Number of protein chains: 2
Amino acid sequence: MKLTIERAALMRSLNHVQSVVERRNTIPILSNVLFKADGDSLSMTTTDMDLEINESVAAKVDRPGATTAPAHTLHDIVRKLPDGADVTLEVDASGNSMTVKAGRSMFKLSCLPTSDFPEIGNAQLPSSFTIPAAELRNLIDRTKFAMSTEETRYYLNGIYIHAVDVNGSKVLRAVATDGHRLARFEMPLPDGSEGMPGVIVPRKTINELRKLLDEAADAIKVSLSESKIRFSFDHIELTSKLIDGTFPNYEQVIPTKNDKIVEVNPKVFSNAIDRVSTISDGKSRAVKIALNGKVMTLSANSPEAGSATEDLEVNSNDNMEIGFNARYLLDITSQIEGDGCRIILADSASPTIIQDAGDSSALYVLMPLRV
Amino acid sequence: MKLTIERAALMRSLNHVQSVVERRNTIPILSNVLFKADGDSLSMTTTDMDLEINESVAAKVDRPGATTAPAHTLHDIVRKLPDGADVTLEVDASGNSMTVKAGRSMFKLSCLPTSDFPEIGNAQLPSSFTIPAAELRNLIDRTKFAMSTEETRYYLNGIYIHAVDVNGSKVLRAVATDGHRLARFEMPLPDGSEGMPGVIVPRKTINELRKLLDEAADAIKVSLSESKIRFSFDHIELTSKLIDGTFPNYEQVIPTKNDKIVEVNPKVFSNAIDRVSTISDGKSRAVKIALNGKVMTLSANSPEAGSATEDLEVNSNDNMEIGFNARYLLDITSQIEGDGCRIILADSASPTIIQDAGDSSALYVLMPLRV
């Protein structure tokens, strides 16, 4: 294999693919990028055995071929090369090392045989549909903060995506929960996704995908089976195993009879929560919300630090008290882009619903804390 | 004590004084700021028993008085208050708590008695002189990277500042070394510093001072005795204990007979070192420099990762090889602001001198590595 490629193009793709590679690997080949040069393009693939990313980029291929080389080292090298440089990658005759040349710099990197590289990307993915990048970004942003990180509840370590029928109209739904809060996002069902199975997309895949979407073109093609999902766009293919588990029946967690409605400006609300929670103790960061008609009083107490209170004007007619984890409240309010944050309560011991008053696509459920 | 102060002014000073407060304190009072309100100013003091900072700021004092309150909590609160707010601080009748009010926010913080607060700032400091802020910034920047962090060699955990006579002209000298590299900075001796004792200013004091100098006015007053030093400027007084130890005889470390001179552009040199060292192993990050007349070849080897080489054009007539720690070389080259980095060598086993070819105020000595 021998090819020349512009540094910026190589850098951009290496940035994407090295991100999937774990820092510590017990299996050496998983530290490497699989390079395949053919025609006028260079294909790069990395994997952690659960997630695989492949990206193709234009290159001047002098001698087609393939090899694997350390992803992070190569990324470091290319990052430090001067802007505008042409980079030559050449595998030596033995196949055991690859030379990286640019200007007067030369690097020799150890290679591993391509036959050792585990490719998980080849799979039958019968369902497929297209979703605009902006909608997929929304779907992820509105739900991902609620994913669980508890390893024992592995079936909650991702976003559950499935098609449902809501009062006769078909929607694509994304749900994430860690048992303390739940986030649900809905959008019109894309053409072709009617028969898709419900799938749980793992946390790492969600995070990698979200990073790539920052610079993604308009249309994202989603293909899936019951065990794998693939996102294809630009010259990237991200293929992931799905979480092999059953997502709990989340619908029973979403209260339907809450009757006390408060509306507050989300920016004013979140700034006040942030200030008051400065005083709250340790992990739970409890903040108490007391409603008294048009006045909402936020307060926090700590035996050591002292106390904090702040009054807000709200749109409400109710009187009640309830406590929440300030961190969880802030996660939710930061997703509300409109001027109104609608809080729908039952009583101080029951799950509370929070929504953007002007956008019903996302719904959040938050469990109260005793305060 | 009761007073009102503009949020931005309080924030600026709290930013300075809270930085001295350690995150974990076994003595509770050391987590607190000592507040003293009198006339039309508020004085804030914090200490870690070795270093004390005091800053005064204009305030509308309704009731003079003093108290102590948690520095980090207060800093967090004030940081989160809206820009432009007026903040009222009021100690309650019992003296056990302080109320912080701004707009519709109210915080009550636990206080500790002012009598518990250890003040180390009162000291006889017979020597004193003035130094321009820019010169003091230079003095610190050119030397601080070479301070040791080894606790057993406590007498190297700071910058040694002293007056010396160099060929009949008096200079103020700053020296730092960790045994692997040494940095020396010289400037004309300021008026009044002739009789000053040689002092070792501790690392934390250097770091805090350096941060404050970013926004400091022109003239910094330095006062000192054999055990303490004070830096006074704007409305700030930084008083520190000195390291009670003997700085080693560093002059014998600086070679005088090195005869091989190489000149290289410091930016080109440091970029090349940075690239080549991507390959070098672990902690030592060894880079080999081979001189061959007008060509300098940098190289690094790692049994695992591979190898790297890069050629540079230099101004030299010598042939030799020597190895260095890449990190240490980069620390030094980043301090060279001119176009020429002059490297003065003896042989591959001897200390090497590095200087800015156009500025002799700083001199660096670097021990070689075997490569």
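Quantities reported herein were computed from a predicted structural model and do not represent experimental measurements. Proteins come first, then strands; the chains are lettered A, B, ... in the order of their sequence lines, and each starts at number 1. Only heavy atoms go into these numbers, but all of them, side chains included; no hydrogens, no water, no symmetry mates.
Between the NZ atom in K101(B) and the OG1 atom in T309(A) there is a gap of 9.5 Å [rounded to 0.5 Å].
Using a 4.0 Å cut-off between a side-chain N of Lys or Arg and a carboxylate O of Asp or Glu, E313(A) and R104(B) qualify as a salt bridge.
When L312(A), D76(A), D311(A), I279(A) are compared by the number of non-hydrogen pairs under 4.5 Å with chain B, D311(A) comes out ahead. By number of non-hydrogen pairs under 4.5 angstrom with chain B, the leading residue of G103(A), S105(A), P70(A), G306(A) is S105(A). With chain A as partner, the option from T297(B), L298(B), T73(B), D274(B) having the largest number of non-hydrogen pairs under 4.5 angstrom is D274(B).
Of the two parts of V100(B), neither the backbone nor the side chain holds a non-hydrogen atom closer than 4.5 Å to a non-hydrogen atom of chain A. Looking at S97(B), neither its backbone nor its side chain comes within 4.5 Å of chain A, counting heavy atoms on both sides. Proximity to chain B involves both the backbone and the side chain of L109(A), based on heavy atoms less than 4.5 angstrom apart.
The minimum heavy-atom distance between V276(B) and F107(A), with the atom names listed, is CA-CE2, 4.3 Å. When every heavy atom of R275(A) is checked against every heavy atom of P82(B), the shortest pair comes out as NH1-CD, 3.5 Å.
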Is there a side-chain contact (heavy atoms from CB on, under 4.5 Å) between N271(B) and K80(A)? Walk through the geometry before answering. CA-CA 8 Å; N271(B) 287 341; K80(A) 293 172 178 177; over 6 Å; no
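The number of heavy-atom neighbours closer than 6.0 Å to CG of D339(B), taken from other residues, nucleotides and ligands shown, is 12 or below. In K260(B), the NZ atom is crowded: over 12 heavy atoms of neighbouring residues, nucleotides or ligands sit closer than 6.0 Å.
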